[in-house]
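Quick caveat, the model's predicted, so the values are computed rather than measured. Only heavy atoms go into these numbers, but all of them, side chains included; no hydrogens, no water, no symmetry mates.
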Amino acid sequence: MSKILKGTMILTGATFLSKFLGMIYTIPFEQMVGPEGIELYFYAYTPYNILLSLSTLGVPMAVSKFVSKYNALEDYQTSRDMFRSGMYLMAATGVIAFLLLFFGAEKIASFSLSDEDSAAVLQDTTHVVRMVSFALLVIPSMSIIRGFFQGHESMAPTAVSQVIEQIVRIAFLLTGVYIVYYVLDASLAQAIGLSTFAAFVGGIASLVVLLIYWKKRKPYLDRHLKQQKTTSGLTTPDMFKELLSYAGPFVLVGIATPLYQLIDQFTFKQAMADAGLADIAGDALSAIHVLSHKLVIIPVTLGLGMAVTVLPAITSSFTKREFNKLDGQINQALQIIALLIIPAVVGLSLLSTEAYGTFYGLEQLDYFGDLLRWYAPVGLFFALFTVTSSILQGVNRQNFAVISLGVGILLKLMTNSFLIQLFGAKGSIISTGLAVFAAVALNLWKIRQSTEFSYRKLFKRSVFIAILTVIMAIVVLLVKMVGGIWWNPMENRMGALAVLILGIGAGALTYLTLAYKSTLLEHVLGDRVKRIERIFNRS
């Protein structure tokens, strides 16, 4: 249990820092390029994220599972052989994905735009898509190294490389955009193209960090080879067959969020035009899928960290048929999600106007803040889908994750344009929420069917968490009401920041105090809470 929690904290901390940096840089970035630039940026990154997942074939997470399984069997040589062959595979698929995105950029751009967009806009969109494609030459090979370390339950290489990648990417992006757009007076499309090319630069930096870790850890990993006790005798085709049987579902799970976004990319502007809202369609699309998404992804970070960490542990327990341990691991993973993400998304929803105003300014704040209010709860479903899919993959039910995602995507396709025409931009959010909720419900059902896992304890804990969250919400609303007497978040950006800080502080303090006093933290997080208590008692 402690390994899951420790790994989760390491990866979650790094992912949180990475996502936080990814949120903070949008403040100067949005000020520099405006809504039009953010819209162009979105058009490039959604197909890039999908092709990135397809180019890696889900191999990094599959490698984590593969390595964990054969390490549990004490067949370390098979893990090493697979890693070596996988590197060649990732190099080849990266090149193929790059060629597809680079030469298919114009077609992607034409699908993304409505009939009312000009030829110049089509040309600009094509340019930024082509610029981001270069990252596909580096990222797949980099990501398989992360998967190999994770399979050894070593999360630090992934964590450190992730943070370095983000820092280098953001530094290059902001510096490059400023020089190109403001110093050299180039076009907005050229500036956004350089900002998407930053993904390639960040990938190079991350790869360098991982290679340094590999050089330092290789003697330790080589000692494992000398402890070899069994030999599976897998040939290279056998290894790839098993690896890809794991990897296939990882591909689709990894592109779940980009797929929902791609549906919006191809249907949102036309549906908004049909609803008579063409004039705000581009700004609304940027507000939901770039600016608001950057805020919502912060609480979802825990789900991402938990998914990566829980997979090798659950795979090991399932392989060794330690079912009591497996039951406890599933319970802890889902309870941690409920404990931390439920209050986080509720708090973000309540403080949506203040959060959006603080980070992105006051223009049309009532409209964009309302979009964030609706989008925040969807973050809980994204996190649950990631974790439940990872659990299914750990118990060899990975194919079902494809079915549940397929149901979600089909639901999104069926309802998206209709709900947008009915409710405007928030219809897109409602459609996504319904789709991801359906996928999560199916995953939870399959976990119960496959492992005979009982949700009784999780349900009781979740009800108690909900009660504490309601109390927290009342406190946050009172702070908003009192803060509004001195500061008006709709008219003053510093006022929005003040209310946001006070609301987050009061809400977090209330929730964590109640969770600690009621022993909820101790029951979910275990002995680490007692260690914290001893530190405070000494002081």
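- Checked for salt-bridge contact, Lys269 and Glu39 meet the test: a charged N lies under 4.0 Å from a carboxylate O.
- For the residue pair Thr353 / Arg373, a side-chain donor-acceptor distance below 3.5 Å is found, with atom types taken as modelled.
- Under the 3.5 Å distance criterion, the side-chain polar atoms of Thr93 are matched with a main-chain donor or acceptor of Met90.
- Between the side chain of Ser431 and the main chain of Gly427, no donor-acceptor pair closer than 3.5 Å is present.
- Counting all heavy atoms, side chain and backbone alike, Thr358 lies closest to Ala496 at OG1-C, 3.3 Å.
- Heavy-atom neighbours of Phe437 CZ from other residues, nucleotides or ligands within 6.0 Å: at or below the threshold of 12.
- Rounding to the nearest 0.5 Å gives a distance of 10.0 Å between CG of Leu40 and OG1 of Thr126.
- Note: Tyr178 and Tyr182 have parallel aromatic rings, judged against thresholds of 30 and 60 degrees for the angle between ring planes.
- Between the Ser292 side chain and the Ala287 main chain, a donor and an acceptor come within less than 3.5 Å of each other.
- Formation of a donor-acceptor pair under 3.5 Å by the Lys412 side chain with backbone atoms of Leu259 is not found in this model.
- By the 4.5 Å heavy-atom criterion applied to side chains, Leu184 and Gln190 are not counted as neighbours.
- Taking CD1 of Ile170 as the reference point, atom CG of Leu21 lies at 5.0 Å (rounded to 0.5 Å).
- Residues His127 and Ala189 approach most closely at CD2-O, 3.3 Å, considering heavy atoms.
- Here the closest non-hydrogen pair linking Lys426 and Trp374 is NZ-NE1, 3.5 Å.
- Between Tyr356 and Phe368, the ring planes are tilted. Angles from 30° to 60° get that label.
- Among all heavy-atom pairs drawn from Pro35 and Asp283, the shortest one is CB-OD1, 3.1 Å.
- Around the CD atom of Glu106, the shell of radius 6.0 Å holds no more than 12 heavy atoms that belong to other residues, nucleotides or ligands.
- For the pair Ser389 (side chain) and Phe385 (backbone), a donor-acceptor distance under 3.5 Å is present.
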As a quick check of understanding, evaluate side chain to side chain contact (heavy atoms under 4.5 Å, CB included) for Leu262 and Gln265, giving each step before the final call.
CA-CA 5 Å; Leu262 189 69; Gln265 180 167 333; 4.3 Å; yes

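- Contact check for Phe359 versus Thr26: no side-chain heavy atoms found under the 4.5 Å cut-off.
- Taking both residues in full, the closest heavy atoms of Ser428 and Asn416 are given as CA-OD1, 3.6 Å, listed atom of the first, atom of the second, then distance.
- Atom CD1 of residue Ile24 and atom CD of residue Gln166 lie 11.5 Å apart, to the nearest 0.5 angstrom.
- Ring geometry for His293 against Tyr375 counts as tilted: the plane angle lies between 30° and 60°, on a 0 to 90° scale.
- When side chains are defined from C-beta on, Phe42 does not count as touching Ile38, because their heavy atoms never get closer than 4.5 Å.
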Take Lys480 and Glu354 through the test side chain to side chain contact (heavy atoms under 4.5 Å, CB included) and record every step on the way to the result.
CA-CA 9 Å; Lys480 279 188 66 172; Glu354 291 76 11; 3.2 Å; yes

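- At least one donor-acceptor pair under 3.5 Å links the side chain of Arg130 to the backbone N or O of Phe102.
- Counting heavy atoms from C-beta on, the side chains of Val33 and Tyr41 never come closer than 4.5 Å.
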Please report the C-alpha distance between Leu371 and Ile429 in whole Å, then the side-chain angles of each, then the deciding distance to 0.1 Å, and finally whether the side chain to side chain contact (heavy atoms under 4.5 Å, CB included) criterion is met.
CA-CA 8 Å; Leu371 292 179; Ile429 299 170; 4.2 Å; yes

Apply side chain to side chain contact (heavy atoms under 4.5 Å, CB included) to residues Leu174 and Met32 and explain how you reach the verdict.
CA-CA 9 Å; Leu174 293 177; Met32 285 193 285; 3.5 Å; yes

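- Residues Ile288 and Phe268 have side chains in contact (heavy-atom distance under 4.5 Å, counting atoms from C-beta outward).
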Do Lys294 and Glu30 pass the salt bridge (Lys or Arg N to Asp or Glu O under 4.0 Å) test, and can you show the C-alpha distance, the side-chain angles, and the key distance before you say yes or no?
CA-CA 12 Å; Lys294 294 285 186 182; Glu30 194 270 342; over 6 Å; no

Yes or no on ring pair (Phe, Tyr, Trp, His ring centres under 6.0 Å) for Trp214 and Phe83, after CA distance, side-chain angles and deciding distance?
CA-CA 12 Å; Trp214 173 259; Phe83 173 61; 5.3 Å; yes

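- Interatomic distance, CG of Leu210 versus CZ of Arg217, reported as 10.5 Å (0.5 Å rounding).
- Relative orientation of the Tyr48 and Tyr45 rings is perpendicular, given thresholds of 30° and 60° on the angle between their planes.
- Heavy-atom neighbours of Gln31 CD from other residues, nucleotides or ligands within 6.0 Å: above the threshold of 12.
- Atom CG of Leu207 sits about 7.5 Å away from atom CE of Met142, to the nearest 0.5 Å.
- Atoms CD1 and CG, from Ile145 and Leu211 in turn, are 5.0 Å apart once rounded to the nearest 0.5 Å.
- Put simply, the side chain of Leu295 does not reach to within 4.5 Å of the side chain of Leu291, judged on heavy atoms.
- With Ser352 contributing its side chain and Gly369 its backbone, the two residues share a donor-acceptor pair below 3.5 Å.
- In this structure, Phe382 and Thr257 have side chains that are in contact, with non-hydrogen atoms separated by less than 4.5 Å.
- Under the 4.5 Å side-chain criterion, counting only non-hydrogen atoms from C-beta, Tyr181 is not in contact with Ile192.
- Considering every non-hydrogen atom in both Ile139 and Gly203, the closest pair reads CD1-CA, 3.6 Å.
- Residue pairs that meet the side chain to side chain donor-acceptor pair (under 3.5 Å) test with at least one member in residues 492-504, sequence neighbours left out, do not exist here.
- The environment of CD in Gln421 is crowded: more than 12 heavy-atom neighbours from other residues, nucleotides or ligands sit within 6.0 Å.
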